[in-house]
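This structure is in structure tokens; I'll ask about it shortly.
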Amino acid sequence: MKKNSQIFQDSNNTYYPEDELQVSSVVKELYKKNQPTELVGTSSKSFIGNKIQSAKKLSLSKLSGIIEYLPEELYIKVKANTPLELVEKELEKNNQELAFEPIDFGFIESGKSNKGTIAGHLSCNFAGSRRFKVGSIRDHILGFRGVNGKGDIIKSGGTVVKNVTGYDLSKLVTGSFGTLVALTEITLKVLPKKKSSNTIIINTGDKKLVNELFEKISSSSSEVSGAVYIPEEPKDESYDHNKEMVFKFNDLENKGSFVALRIDGDKISIDEKIKALTDELELNKLSTTILDVHQSTPFWIKINNLELFTQTKNNLLRVVIPPSEGKKLMQYLGNKYKYYIDWCGSLYWIEVQSKKNTKVGEIKNLIKELGGYLTVIKTSNEYDYEETIFTVDDTRLLISEKIKKSFDPKRIFNPGKMYRGI
């Protein structure tokens, strides 16, 4: 039914529609008047991407709440701007979870948790440490509803894994940073929570050994669900030296570099996997310790909260490369940058000093050579915006331009957020 109530608009030219029909109505008006508009939710990730020049804002914050949750069918359907925390609490009641481990960007921005909304996570497509085993956020989106740049209500997928149309728009919209669709409803796949977890700590700063360990783990049958390398912090005073404080656990006594491997399951299966990994990785020849579940769980929360970079004033880069190229990147980084490696060698979080902005471009060129891509997640106050936030080549830029035009022909939604001119 169509609502007759007036859509609230505050003094800052921000619209607050209360449902999908009102979103459609606002967008149709914006399209008619050709007015560029910034899409916002709770703004937990608004610092990521280029600054948007627009006179209007469309807040989707009132589109919040759980629509349908069927634990036995392993899915939950929510309004797009439902807080992630609310969804996690609901899933916890049935011992279920979002397996991709959402990243909490609140710590790098304000020093405290701010998980944001489901739509915010879908728009960014940034998954946590389990990503290399279970896939990214787009692999857990079953469907969505939303409004395109002309004001048309569109939908894709549903409550089944395979999309019957044969063309899954969910995967296209995920990671588009609000440049294609104003999301109104999202359906997510959920999975049972793991009963317990232990973490094997391998004390080593030998980069060759780290790469060898990652290579063996990626082909192991022992189902490692998290594999990170935390090197020593550089002596450079322009970095916060907080590694020892962040990872202060009873059984984490070594203060140097280390590899951490997470093993999930019940106690018996965890013990069997640790035994198998000890043989596979020849751990008896190395300095190791094991974090029990009471230490393992908070350890990985801190990893996924990016707490090593809490309230950093420097540039923070997110780099994804083929694991086989890790040796070259680690050699380049040396001990000049504060960083750590996740996803069993594929994902690098790199902090670059604010006074060395030119290094961002240098690292980006190297990443392109290595066949990877880079996103500047957080910029310093001195950041030179001539350097693009997202890695993009000419072919990808052309494809992105055509996709943008089909969804949002007048560039109403978040113009220039990812790529200038698109």
Side-chain angles (χ1 to χ4, degrees), residues 7 9-10 12-17 20 22-63 80-81 105 109 116-126 137-138 141 144-154 156 169-186 318 375-379 383 385 388-392 396-422:
I7 299 165
Q9 181 183 2
D10 66 16
N12 295 319
N13 278 328
T14 303
Y15 295 98
Y16 292 89
E20 190 178 75
Q22 288 192 356
V23 174
S24 174
S25 175
V26 171
V27 176
K28 281 176 179 175
E29 194 63 27
L30 294 168
Y31 178 77
K32 196 184 298 180
K33 294 178 180 178
N34 200 17
Q35 292 181 319
T37 303
E38 182 178 2
L39 296 181
V40 294
T42 57
S43 298
S44 64
K45 302 168 189 64
S46 59
F47 60 90
I48 305 173
N50 295 312
K51 289 178 170 56
I52 298 168
Q53 301 296 322
S54 63
K56 303 285 186 182
K57 281 188 179 182
L58 177 58
S59 172
L60 302 169
S61 56
K62 293 191 175 184
L63 277 69
N81 273 256
F105 285 101
E109 183 69 355
T117 66
I118 293 295
H121 284 273
L122 185 151
S123 295
C124 295
N125 193 38
F126 295 145
I137 295 179
R138 62 166 48 98
I141 303 296
F144 76 90
R145 289 179 64 95
V147 176
N148 68 13
K150 294 185 286 186
D152 302 326
I153 295 171
I154 62 173
S156 177
L169 295 181
S170 304
K171 286 180 166 54
L172 200 59
V173 168
T174 307
S176 63
F177 284 81
T179 60
L180 302 179
V181 174
L183 292 163
T184 58
E185 183 182 294
I186 297 166
R318 178 183 181 270
T375 305
V376 184
I377 293 294
K378 189 178 182 183
T379 57
Y383 188 76
Y385 276 88
T388 56
I389 298 289
F390 298 84
T391 303
V392 64
R396 185 177 171 187
L397 193 65
L398 184 62
I399 292 169
S400 297
E401 192 172 10
K402 288 183 176 179
I403 292 170
K404 173 72 170 172
K405 196 171 182 180
S406 66
F407 277 90
D408 183 17
K410 289 188 179 180
R411 297 180 63 237
I412 302 296
F413 295 149
N414 289 357
K417 178 73 171 175
M418 294 186 75
Y419 312 120
R420 294 185 188 92
I422 297 180

**Study point:** Distance in Å, Met418 CE paired with Thr179 OG1, rounded so as to fall on 0.5 Å steps
**Key:** 6.5 Å
Practice item. Before giving the answer on side chain to side chain contact (heavy atoms under 4.5 Å, CB included), spell out for Tyr15 and Val23 the whole-Å C-alpha distance, their side-chain angles and the decisive distance to 0.1 Å. Key: CA-CA 9 Å; Tyr15 295 98; Val23 174; over 6 Å; no
Review point. CZ of Arg318 to SG of Cys124: how many Å apart, nearest 0.5 Å?
Key: 9.5 Å
**Study point:** Donor-acceptor contact below 3.5 Å, side chain Asn414 vs main chain Phe177
**Key:** yes
Practice item. Check whether any side-chain N or O of Ser176 sits under 3.5 Å from a backbone N or O of Val173 as a donor-acceptor pair, and report yes or no. Key: yes
Practice item. Give the C-alpha distance, both sets of side-chain angles, the deciding distance and a yes or no for side chain to side chain contact (heavy atoms under 4.5 Å, CB included) between Val27 and Asp152. Key: CA-CA 9 Å; Val27 176; Asp152 302 326; over 6 Å; no
Check your understanding: So, for Ile141 and Ser170, which heavy atoms are closest and what is the spacing to 0.1 Å?
Key -> CG2-CB, 3.9 Å
Check your understanding: Do NZ/NE/NH1/NH2 and the carboxylate oxygens of Lys378 and Glu109 come within less than 4.0 Å?
Key -> yes
Exercise for review: Working to the nearest 0.5 Å, report the span between CG of Leu39 and OG of Ser59.
Suggested key: 10.0 Å
Review point. In Å, rounded to the nearest 0.5 Å, how long is the span from CG of Leu180 to CG of Asn148?
Key: 10.0 Å
Study note, to complete from the structure: Separation between CG (Leu183) and CG (Asn81), nearest 0.5 Å, reads 8.5 Å
Practice item. Look at the side chain of Lys56 and the backbone N and O of Asn13, then say whether any donor-acceptor pair between them is shorter than 3.5 Å. Key: no
Check your understanding: With no hydrogens and no angle check, is any side-chain donor or acceptor of Thr117 less than 3.5 Å from a backbone partner on Gly120?
Key -> yes
Review point. If you draw the axis of the six-membered ring of Tyr31, does the NZ or CZ of Lys150 fall within 45° of it and under 6.0 Å from the ring centre?
Key: no
Exercise for review: Indicate yes or no: at least one non-hydrogen side-chain atom of Thr388 is less than 4.5 angstrom from one of Tyr419.
Suggested key: no
Check your understanding: Between atom OG1 of Thr174 and atom CG of Asn125, what is the distance when rounded to the nearest 0.5 Å?
Key -> 6.0 Å
Revision key, fill the gap. Of all heavy-atom pairs linking Ile389 and Tyr383, the shortest is CD1-CE2, 4.0 Å
Study note, to complete from the structure: Here the pair of heavy atoms bringing Ser54 nearest to Glu38 is OG-N, 3.4 Å
Review point. Centres of the Phe126 and Phe105 rings: under 6.0 Å?
Key: yes
Exercise for review: Given side chain to side chain contact (heavy atoms under 4.5 Å, CB included), test Asn34 with Ile412 step by step and report yes or no.
Suggested key: CA-CA 7 Å; Asn34 200 17; Ile412 302 296; 4.3 Å; yes
Review point. Quick one: does Phe144's side chain get under 4.5 Å of Ile154's, heavy atoms only?
Key: yes
Practice item. Looking only at non-hydrogen atoms, find the nearest pair between Thr391 and Arg396 and report the distance. Key: O-NH1, 3.4 Å
**Study point:** Note: Glu401-Lys405 ion pair, threshold 4.0 Å (strictly below)
**Key:** no
Check your understanding: Does Ala182 offer a backbone N or O that forms a donor-acceptor pair with the side chain of Thr184 under 3.5 Å?
Key -> no
Review point. Which heavy atom in Val147 sits nearest to a heavy atom in Glu20, and how many Å separate them?
Key: CG2-O, 4.2 Å
Practice item. Identify the heavy atoms of Ile186 and Ala119 that sit nearest to each other, and give their distance. Key: CD1-CA, 3.7 Å
**Study point:** Under 3.5 Å: donor-acceptor pair, side chain of Lys417, backbone of Ile48
**Key:** yes
Review point. Stepwise, does the side chain to side chain contact (heavy atoms under 4.5 Å, CB included) test hold for Ser61 with Val40?
Key: CA-CA 8 Å; Ser61 56; Val40 294; over 6 Å; no
Exercise for review: Could you tell me whether Lys57 atom NZ has more than 12 heavy atoms of other residues or ligands within 6.0 Å of it?
Suggested key: no
